[in-house]
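Contents: one structure, followed by commentary.
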Amino acid sequence: MRVLGIETSCDETGVAVYDGDRGLLANAVYSQIAIHAEYGGVVPELASRDHVRKTLPLVRQVLAEAGLAAGDIDGVAYTAGPGLIGALLVGAGFGRSLAWAWDVPALGVHHMEAHLLAPLLEESTPAFPFIALLVSGGHTQLVDVAGVGRYRILGESLDDAAGEAFDKTAKLLDLPYPGGPSLAGLAERGDPQRFRFPRPMTDRSGLDFSFSGLKTFTLHTLNEELPRAADREQTRADIARAFEEAVVDTLVIKCRRAVRESGRRRLILAGGVSANRRLRERMDQMMREEGGEVFYPRPGLCTDNGAMIAFAGWQRLRAGQCEPLAFSPRARWPMTSLPPV
Ligand code: ATP
Ligand code: MG
Ligand code: FE
C-alpha cells in the first residue's frame, strides 16, 4: 500500500509518499522560516496562506520524484491535529478532497503520534514496547508505548514545552528564529562549568516537567552577568550552554526514571528537540548505563515533515481505518483517545 502524507500543522509544509514494501519513496519539506523570521515567531494567518500556496506544488514534486502517477496512490493521510487550526484546515481540506477525487481512503493523523512513530522509519527500529520522549515546540511528554495507538502518558510539561523553552530563551539571547538550533549552535562554544542552572522538578518523584522557570533564570543571569562581562560573546555562549545542559540533564534524569520504573529496555526520542546533539549524546550514555538502547529519527525527521504523516497514516490505513467525507481538524487532541491498531 502506498500512502501520500501531508503535514501543515504549523510552519512547515511537508509532503511524502510511503510504500509498505519499498519504504519512503519521496519526502519534501518547505519551511516558512523566512516568512516568520521578521516577527520572531509563527504568525498563524501567514502560515495558513503559505500552506495554500505550497501544498499542491509539493504534491506534484513528490509524485514526480517517486516516479508515480495519481493512480498509484492507495490512500491519503493528512495531519488533523493538534496544531494551528487555520494551518490544519488547509492540509485537511486538501488531503480529504484529493482522496475523494482519487477515490481512495483518507485518514486524519495525530501529529504527535506521527512524531512518535518516526523512529520506525529508520534502518534499525525499536520493537514494541518502549518508552517515548516527545520533545517538540508544543509538547514534552513521556509515553509508555505498547503498540500503535496503545499509549499511556507517564508525564508531561506543566508549562512550557522543551522546544518552546529553547525558542523563548533564544529570544532573550537575541538569537534568530527558530531559536532551538541557534541556541544549540551558540552553546557549542560555551563553557559548561561556568554557570549551573537548576534542574526543575527533579528533586521530587514523578515524571512531569516544568521549563518556564529556566527562561526566567536565564534572564536574571543575563541581567547580572552581561553588564560586567569582560567578554560578552563568551558570556552569552556560557549562559546558552548552561541552559542547554539544564534542559538536557532534566530530560535525561526523567527518562532514566521512566525506564527504571517501567522496566522497559528501549527508549525512543522524537520531535524537533530530539535533533539536539547534546541530548542524543547524553541519552546514548544513559541508556548504555541502564543496559538498554535508544533510538531516534535522522534530524530531518525530528522536526515537522510529511514522511512521518505518510508513515503513521499507512499504519492505520492498512489496518482498514479511514474517515468519512467530512473532516474535522482539532487544535487540541489528546493522543490517548486514539484507537489501537
Ligand atoms: P508540536 O510538534 O508539539 O506540534 P512543532 O511541530 O512546532 O510542535 P517540531 O517541529 O517537532 O515542533 O520541533 C520544533 C521545535 O524543535 C522548535 O521549538 C525548535 O526550536 C526545536 N529544535 C529544533 N532543532 C533543535 C535543536 N538542535 N536543539 C534544540 N531545539 C531544537
Ligand atoms: Mg516548525
Ligand atoms: Fe511537530
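As the structure is a prediction and not an experimental result, all values here were calculated from the model. In each ligand, atom 1 is the first atom listed, and ligand 1 is the first ligand listed.
Residues S262 and D144 bring no donor and acceptor atom of their side chains to less than 3.5 Å of each other. A donor and an acceptor atom, one from each side chain of D191 and Q234, are nowhere located under 3.5 Å apart. Looking at S9 and E7, their side chains do bring a donor and an acceptor atom within 3.5 Å of each other. Under the 3.5 Å distance criterion, with hydrogens and angles disregarded, a donor-acceptor pair is assigned to the side chains of D284 and Y296.
Listed by atom number, the atoms of ligand 1 under 4.0 Å from D167 heavy atoms are 17 (C), 18 (O), 19 (C), 20 (O). Those atoms of ligand 1 with a heavy atom of G163 less than 4.0 angstrom away are 18 (O). Each of the following atoms of ligand 1 lies closer than 4.0 Å to a heavy atom of G138: 1 (P), 3 (O), 8 (O). Proximity to H115 (heavy-atom distance under 4.0 Å) selects the following atoms of ligand 1: 2 (O), 11 (O).
A salt bridge does not link E293 with R265: none of the charged nitrogens is closer than 4.0 Å to a carboxylate oxygen. A salt bridge does not link E245 to R196: none of the charged side-chain nitrogens sits closer than 4.0 Å to a carboxylate oxygen. For R316 and E113, the salt-bridge test passes: some basic side-chain N is under 4.0 Å from an acidic carboxylate O.
Note: an N/O pair closer than 3.5 Å links G137 and ligand 1 by distance alone. For ligand 1, the polar-atom distance check finds no N/O of F166 at less than 3.5 Å from any of the ligand's N/O atoms. Close N/O approach between G272 and ligand 1 is found [any backbone or side-chain N/O within under 3.5 Å]. Ligand 1 has a nitrogen or oxygen under 3.5 angstrom from a nitrogen or oxygen of H139.
A cation-pi contact, defined as under 6.0 Å to the ring centre and within 45° of the axis, is absent between R266 and F295.
No close placement of the Y177 and Y39 rings is indicated, their centers lying 6.0 Å or farther apart.
Angle subtended at the Fe ion (ligand 3) by H115 NE2 and H111 NE2: 90°, rounded to 10 degrees.
Inclusion of H139 in the first shell of the Fe ion (ligand 3) is not supported: no N, O or S atom falls under 2.8 Å. Within the 2.8 Å limit, C10 places no N, O or S atom next to the Fe ion (ligand 3). In summary, D11 places an N/O/S atom under 2.8 Å from the Mg ion (ligand 2), meeting the contact criterion.
Checking each of E12, H51, K54 against Q32 for a side-chain contact (heavy atoms from CB on, under 4.5 Å) leaves exactly one that passes, namely H51.
Take the N/O/S atoms of E12: the one nearest the Mg ion (ligand 2) is OE1. Restricting D304 to its N, O or S atoms, the one at the least distance from the Fe ion (ligand 3) is OD1.
Within 6.0 Å of atom CG in D203, more than 12 heavy atoms from other residues, nucleotides or ligands are found, so the atom counts as buried in its surroundings.
Atom 3 (O) of ligand 1 has as its closest protein heavy atom S136 OG, 2.5 Å. Closest to atom 9 (P) of ligand 1, if we only count protein heavy atoms, is D304 OD1, 3.6 Å. At the shortest separation from atom 4 (O) of ligand 1 among protein heavy atoms lies H111 CD2, 3.5 Å. Ranking the protein heavy atoms by distance from atom 30 (N) of ligand 1 puts G180 CA, 3.5 Å first.
Looking only at distances, a side-chain donor or acceptor of N305 sits under 3.5 Å from a matching main-chain atom of M308.
Within the structure, the closest approach of P181 to ligand 1 falls below 4.0 Å when heavy atoms are considered. Using 4.0 Å as the threshold, E244 has no heavy atom nearer than that to any atom of ligand 1.
Annotation: side chain of M1 is not in contact with side chain of D21 (no heavy-atom distance under 4.5 Å).
Both the backbone and the side chain of N276 come within 4.0 Å of ligand 1, counting heavy atoms alone.
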